[in-house]
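What follows is one structure encoded as structure tokens, with my remarks underneath.
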Amino acid sequence: MTFLHPLCLRLTMVCLLGLLLQANVCQAQEVPIRQDSAAAPIDTIVKKFDERVISNLREMSERKTIMGKLLKAILVFDREDEEVIGLDAELIQREYERHNYKVVRRIDIITLDALGYSIHDSTRVPRNFLEKAGNSLHVKTRRHLVRNKLLFESMEPLEPLALVESERLLRQTDYLLDARIIVDERTTSEDSVDVFVITKDLFSLGGSGSYSPSSGAGRVALRELNFLGFGHQVRGSYRFNMDRPRPWEVAAGYSIENISNSYVSADLTYIDENYYKEKSAFLRRDFFSTNTKYAGAFGVSHVEERLLLPPVPEDTVQRFTDLSYKRQDFWLGRSFKFKSYNLGYEPRGRVITALRVINTNYDVKPTETYQDNILVMGSLGYSVRRYYKDRYLFGFGRTEDIPAGTLFSATYGYEKGDLYDRRYLGLDLSVAKYNTTFGYLYGRAGYGSFIRGSKWEQGMLLLESLYFTRLYERGNWKLRHFGIVRSTIGLNRNPEELLTINNEEGLRGFRSGLLRGNRRIVLNYEANLYTPFSLFGFRLATVAFVDVGWLSYGNRSSPLRNSPYRGYGVGVRFRNEYLSFSTIQILVGYYPKIPNNEDFSNFRIYESSRPFYDFADFRFERPGVAEFR
């Protein structure tokens, strides 16, 4: 059994949190109580308990003692969940559609520091030493960065979707916690408007770390999401004392977004790990908004990788082969909107065409199936994107945009190689629906395969679905359930192209080094219970999960014929929404079935910072070969 102990801030915060929880001195979040007669007795009990805890803490904090000063510095007694407009699942567009095509007279931009301020309450200011000290270390986002994100300008007509899309883009910016765009109704006329843009920063400097005393191995990661307030991002990580062929690994990245208000971003990446090395540079522009006309990218990369060889029954250690290649990649896309004869309405549907050219040259080929090649691909797609607002999905109360809609794409390609030529065919369809009573349901089906002569090879069938329930509330407690089904079926794949069920690919916390296959089915269930407790601004949630995974090897095999691998677990999750630190999770997992020829404990206690699930935005992306992973 291994335990990854968080470094510095994580360790201190976890210990203090545990002690205070046991002593019943955690701060309670004040959330409006439902007027529900059936729930009233429980709500009253919870409320009385919360009030008693807050009253005791408030009394202690007023004392002129060391403990009193400490409590006053770290706890906030009057925190309330911020109001979120649009939680009734109305399309966000409807908030502003009455102002379409009015001239924007003036744009006032207000940027708020990371700690102590509220985007919905102008009276909120930093109240304690920690908030004031944190803001003094933080460089506030510059107004021109916010202005460059806006899809409307002063003295220009306001296009449909411009306000709502601008607000969403600001909210999805890494260094901003939230954003709100408000039309000043006091000065609005029949033909013109004044607009307020209010943004609230994240504390952009953050990081994470872990350490195992038994082995001396650990990891340190740092990131700055808004370098000097210019929106540049710097990331780096370092692993040490590893038991792999080399004891250290390092990775670094630098990104510049929205260069000169063009929505073109630059990315530099350097990775030097035991089994994967990469050097790459890219310029890219995505279909960042519903009404974006052009997107594309150009980049170069050099990759060295060690591929795991197919398993045999007598294997007790992993076997690898080497792969190395250089690649130049270019693509360009154009979207077309449908005509509308309604001046105040812009259709969300878009037809998109794209062309991509990839030139790959191998320095080291693992098998004879790899060849230097030029792959030309063309895609035709249809996309409809809508966004709803909700909370308590990936965050702990901040506003989150939920994508829904439809995305269909058909891709055809031709690969010119130094050994043989072949074609590629790919189809992909995804659909999602959302409402506040039913929840969210997403489904996707995809297929892709190369065709050489009459033989279909390196094919893949992908089926997946994600469902989460509405948010259940009882007093100050909130509960949401998640369910995921994923199926990846390889068809005539190369022998070295293998799947796992480790961690995010299947069973969280599972870590087999030998279990591999080319057909996989995974079921995941998770329940998140958000508590009313908070310390240092870190909100606490509990997690319970059940994971089941089937894996098989062979083109005619069926994963369901094998007994599944299973994982059961519970844990805690905490996060401060105002900081750029990753969500911290400490989980305990139990795995009743262990692969043959491997000897590790059925129990595992581990720390994780990655979310296990994510939304699929219905944004058309570059044409490409379906990823087999």
Side-chain angles (χ1 to χ4, degrees), residues 17 20-21 24 26-54 75-89 118-120 171 177-178 388-402 434-441 466-484 524-546 569-579 583-587 611-615:
L17 181 61
L20 289 177
L21 281 174
N24 285 340
C26 286
Q27 173 200 4
Q29 304 295 319
E30 295 182 6
V31 181
I33 305 298
R34 277 187 169 185
Q35 299 301 318
D36 187 346
S37 59
I42 297 178
D43 290 352
T44 303
I45 293 172
V46 173
K47 183 178 180 182
K48 287 181 179 179
F49 170 77
D50 294 342
E51 288 178 346
R52 186 168 64 253
V53 171
I54 292 177
L75 296 179
V76 180
F77 295 97
D78 300 314
R79 183 189 300 277
E80 296 180 357
D81 280 348
E82 295 177 342
E83 177 186 1
V84 178
I85 299 175
L87 286 178
D88 57 354
S118 169
I119 200 169
H120 302 286
R171 193 158 43 240
L177 174 69
D178 206 348
Y388 301 88
K389 292 180 182 179
D390 208 333
R391 295 180 297 169
Y392 294 99
L393 291 164
F394 305 110
F396 282 66
R398 62 181 170 86
T399 308
E400 300 179 67
D401 298 294
I402 302 175
Y434 171 79
N435 65 61
T436 52
T437 56
F438 172 75
Y440 178 86
L441 180 62
L466 165 66
Y467 172 72
F468 64 76
T469 66
R470 66 181 179 88
L471 187 67
Y472 298 97
E473 299 183 73
R474 179 60 60 89
N476 296 342
W477 302 77
K478 299 174 175 62
L479 174 67
R480 200 188 290 272
H481 302 272
F482 297 82
I484 311 171
N524 305 109
Y525 164 78
E526 178 174 308
N528 291 342
L529 177 63
Y530 299 91
T531 76
F533 302 118
S534 176
L535 176 66
F536 289 109
F538 286 83
R539 297 187 176 188
L540 173 68
T542 61
V543 182
F545 66 85
V546 177
V570 294
V572 294
R573 173 185 300 157
F574 33 90
R575 178 184 179 91
N576 188 323
E577 291 289 3
Y578 306 133
L579 305 180
T583 298
I584 305 168
Q585 298 183 105
I586 298 178
L587 303 172
F612 192 68
Y613 46 86
D614 198 359
F615 285 130

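Just so you know, these numbers use all the heavy atoms, side chains as well, and skip hydrogens, waters and symmetry mates.
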For F545, check ring-ring contact (aromatic ring centres under 6.0 Å, His included) against everything at least two apart and list the hits.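 Testing F545 for ring-ring contact (aromatic ring centres under 6.0 Å, His included), a comparison that skips the adjacent residues, returns none.
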
If the plane angle is over 60° it's perpendicular, under 30° parallel, otherwise tilted; pick one for Y440 and Y434.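 Ring orientation, 0 to 90° scale: tilted.
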
Is there a side-chain contact between Y530 and L479 in this structure, where contact means two heavy atoms from C-beta onward sitting under 4.5 Å apart?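 Result no, sub-4.5 Å side-chain heavy-atom pair not found.
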
Give, for atom [atom1] of [X] and atom [atom2] of [Y], the distance between the pair rounded to the nearest 0.5 Å.
{"X": "Y388", "Y": "N435", "atom1": "OH", "atom2": "CG", "answer": "8.0 Å"}
{"X": "I586", "Y": "R573", "atom1": "CD1", "atom2": "CZ", "answer": "12.5 Å"}
{"X": "K389", "Y": "I402", "atom1": "NZ", "atom2": "CD1", "answer": "11.5 Å"}
{"X": "R480", "Y": "L393", "atom1": "CZ", "atom2": "CG", "answer": "4.0 Å"}
{"X": "L471", "Y": "T436", "atom1": "CG", "atom2": "OG1", "answer": "11.0 Å"}

Between the side chains of E526 and N528, is a donor N or O closer than 3.5 angstrom to an acceptor N or O?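 Judged by distance alone, the side chains do pair up.
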
So which heavy atom on [X] is nearest to which on [Y], and how close?
{"X": "L587", "Y": "G571", "value": "CD2-CA, 3.7 Å"}
{"X": "L177", "Y": "R171", "value": "O-CG, 4.4 Å"}
{"X": "T531", "Y": "L540", "value": "OG1-O, 2.8 Å"}
{"X": "Y392", "Y": "E400", "value": "N-OE2, 3.4 Å"}

Y467: which residues meet the side-chain hydrogen bond (donor to acceptor under 3.5 Å, both in side chains) condition with it, sequence neighbours left out?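 If we apply the side-chain hydrogen bond (donor to acceptor under 3.5 Å, both in side chains) test to Y467, skipping adjacent residues, there are no hits.
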
